[in-house]
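Right, one structure below, let's go through it.
Keep in mind it's a predicted model, so treat the numbers as computed, not measured.
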Amino acid sequence: MRFTIEHLSKSFEKKVVLRDINFTFEEGKIYGLLGRNGAGKTTLFNCLNRDLRADGGRFFIETDEGTEREVVPEDIGYVLSTPTVPEFLTGREFLKFFIDINEKSIKDLRTIDEYFDEMSIEPEDRDKLLKDYSHGMKNKMQMLINIIAQPNILLLDEPLTSLDVVVAEEMKQLLRKLKAGRITIFSTHIMDLALDLCDEIVLLHHGELEVVDKSNLGHVAFKDKIIAALREEDHE
């Protein structure tokens with residue numbers, strides 16, 4: 001499976017955010033979408049998720065048989081940097097509701113407690129209201145929904161930035177475990193995090209995507225190349 005974006009563009013009045021996005025993402029990899037704050041990473045995700053209408057271009061999935069098909073809502077999983085959960089429900093009620101309305105499309109359905117175990121959510125927290133969950137636990141619940149749904153494309157918008165060290169490491173291990181069979185695009189402005197977690201690094205600058213080849217580059221040289229590319233925006 002491949003996910004291809006062709007000539008995607010988006011502007012807000014006179015400000016061009018996405019100029020001409022062209023890229024093909026391959027199954028089984030975590031892509032680090034690296035860019036400065038305000039570079040357009042969230043805008044790109046919102047266009048792919050169809051929360052925003054792009055001004056031009058298209059994106060599609062190419063199957064293993066070589067045929068193209070439209071991206072449907074079930075293909076996309078989206079984890080926001082600021083978790084959005086129904087705070088009037090308990091963790092268990094939220095998972096039960098999600099499973100009940102998606103039961104026909106969920107593969108290899110497990111029990112709710114098995115899902116909680118996978119995310120290391122303690123038994124005493126499972127029946128608490130989501131409004132009483134910490135930021136990290138709400139983020140885990142967002143991720144858990146996507147584990148259950150098993151989307152083909154997982155968009156992660158700075159999901160680890162505000163998590164404590166233990167939860168962030170748990171999430172990184174989980175993402176490595178989940179990358180097989182799907183395309184994971186991980187947005188961040190933290191270079192060391194992208195280098196640690198991701199198989200490929202893609203820069204978003206000047207409103208376009210550019211892959212940075214990690215092969216045959218020393219760690220310092222690789223970082224210098226990324227910083228030099230992003231600094232160019234200061235001189236536009």
Checklist entry - Is any NZ, NE, NH1 or NH2 atom of the basic residue among Arg69 and Asp75 found under 4.0 Å from an Asp or Glu carboxylate oxygen of the other? => result yes
Next on the checklist: Can you give me the closest heavy-atom contact between Pro151 and Gly77, atom names plus distance?
Outcome noted: CB-N, 3.5 Å
Checklist outcome for this item: Distance col, row Phe186:CZ vs Lys172:NZ, nearest 0.5 angstrom, shows 8.5 Å
Checklist entry - Is there a donor-acceptor pair under 3.5 Å between the side chain of Asn102 and the backbone N or O of Phe98? => result yes
Checklist entry - Nearest 0.5 Å, what's the OH-CE distance between Tyr133 and Met141? => result 5.5 Å
Checklist outcome for this item: Taking every heavy atom of Asn139 against every heavy atom of Ser81, the minimum-distance pair comes out as ND2-O, 4.3 Å
Item to check | Minimum side-chain heavy-atom gap His7-Ile21 below 4.5 Å | outcome: no
Checklist entry - What heavy-atom pair brings Arg53 and Lys10 nearest, and what distance separates the two atoms? => result O-NZ, 2.9 Å
Next on the checklist: In this structure, would Leu209 and Val211 fall into the same cluster of hydrophobic residues linked by side-chain contacts under 4.5 Å?
Outcome noted: yes
Next on the checklist: Just to verify, which of Thr188, Ile201, Ile185 counts as forming a side-chain contact (heavy atoms from CB on, under 4.5 Å) with Leu33?
Outcome noted: Ile185
Next on the checklist: With salt bridge (Lys or Arg N to Asp or Glu O under 4.0 Å) as the criterion, how do Glu118 and Arg110 come out once you've worked through the C-alpha distance, each side chain's angles and the decisive distance to 0.1 Å?
Outcome noted: CA-CA 11 Å; Glu118 183 163 3; Arg110 289 176 277 164; 2.9 Å; yes
Next on the checklist: Does Thr63 form a side chain to side chain donor-acceptor pair (under 3.5 Å) with Glu65? I'd like the steps, not just the answer.
Outcome noted: CA-CA 5 Å; Thr63 67; Glu65 292 75 31; 3.3 Å; yes
Next on the checklist: Taking Ile106 as the starting point, is it possible to reach Phe116 by hopping between hydrophobic residues whose side chains are less than 4.5 Å apart?
Outcome noted: yes
Checklist entry - When clusters are formed by joining ILVMFWY residues with side-chain heavy atoms under 4.5 Å apart, either directly or through shared neighbours, do Leu109 and Phe94 land in the same one? => result yes
Item to check | Pairing of Lys138 and Glu87 as salt bridge, 4.0 angstrom limit | outcome: yes
Item to check | From CE (Met143) to CE (Met171), nearest 0.5 Å | outcome: 3.5 Å
Checklist entry - Hey, are Glu93 and Lys96 close enough for a salt bridge, meaning a charged N less than 4.0 Å from a carboxylate O? => result no
Next on the checklist: Return the CG to CE distance between Leu203 and Met191, rounded to the nearest 0.5 Å.
Outcome noted: 9.5 Å
Next on the checklist: Let's go through Arg176 and Asp199 carefully: what are the C-alpha distance in whole Å and the side-chain angles of both, what is the deciding distance for salt bridge (Lys or Arg N to Asp or Glu O under 4.0 Å) to 0.1 Å, and is it a yes or a no?
Outcome noted: CA-CA 10 Å; Arg176 294 185 184 107; Asp199 302 298; over 6 Å; no
Next on the checklist: Check this for me, if you would: do Arg126 and Asp117 make a salt bridge, where the nitrogen-to-carboxylate-oxygen distance has to be below 4.0 angstrom?
Outcome noted: yes
Next on the checklist: If you apply the rule side chain to side chain contact (heavy atoms under 4.5 Å, CB included), what do you find for Phe25 with Ile5, and how did you get there?
Outcome noted: CA-CA 9 Å; Phe25 300 91; Ile5 305 171; 3.7 Å; yes
Checklist entry - Knowing that exactly one of Asn146, Asn46, Thr84 qualifies, which makes a side-chain hydrogen bond (donor to acceptor under 3.5 Å, both in side chains) with Tyr78? => result Asn46
Checklist entry - Taking atom types as modelled, is there a side-chain donor on Asp157 or Thr42 under 3.5 Å from an acceptor on the other? => result yes
Next on the checklist: Closer than 4.0 angstrom, basic N to acidic O: yes or no for Asp125 and Arg92?
Outcome noted: no
Next on the checklist: If I compare all heavy atoms of Leu204 with all of Gly40, which pair ends up nearest, and what's the gap?
Outcome noted: CD2-C, 3.4 Å
Next on the checklist: Counting neighbours of CZ on Phe97 that are heavy atoms of other residues, nucleotides or ligands and sit closer than 6.0 Å, is the number greater than 12?
Outcome noted: no
Checklist entry - Are Leu156 and Met119 in one and the same hydrophobic cluster, where Ile, Leu, Val, Met, Phe, Trp and Tyr link if side-chain heavy atoms are under 4.5 Å apart? => result yes
Checklist outcome for this item: CD1 of Ile148 to OG of Ser105, rounded to nearest 0.5 Å, is 11.0 Å
Checklist entry - Salt bridge between Arg58 and Glu68, side-chain N to carboxylate O under 4.0 Å? => result yes
Next on the checklist: Does this structure show an ion pair linking Asp64 with Arg2, if we count only N-O contacts that are shorter than 4.0 Å?
Outcome noted: no
Checklist entry - When hydrophobic residues are tied together by side-chain contacts of less than 4.5 Å, even through go-betweens, does Leu154 share a cluster with Val85? => result yes
Next on the checklist: Just verifying a value: how many Å separate Thr43 OG1 and Lys15 NZ, rounded to the nearest 0.5 Å?
Outcome noted: 9.0 Å
Next on the checklist: I'd like to know if the side chain of Tyr31 and the backbone of Glu26 have a donor-acceptor N/O pair within less than 3.5 Å.
Outcome noted: yes
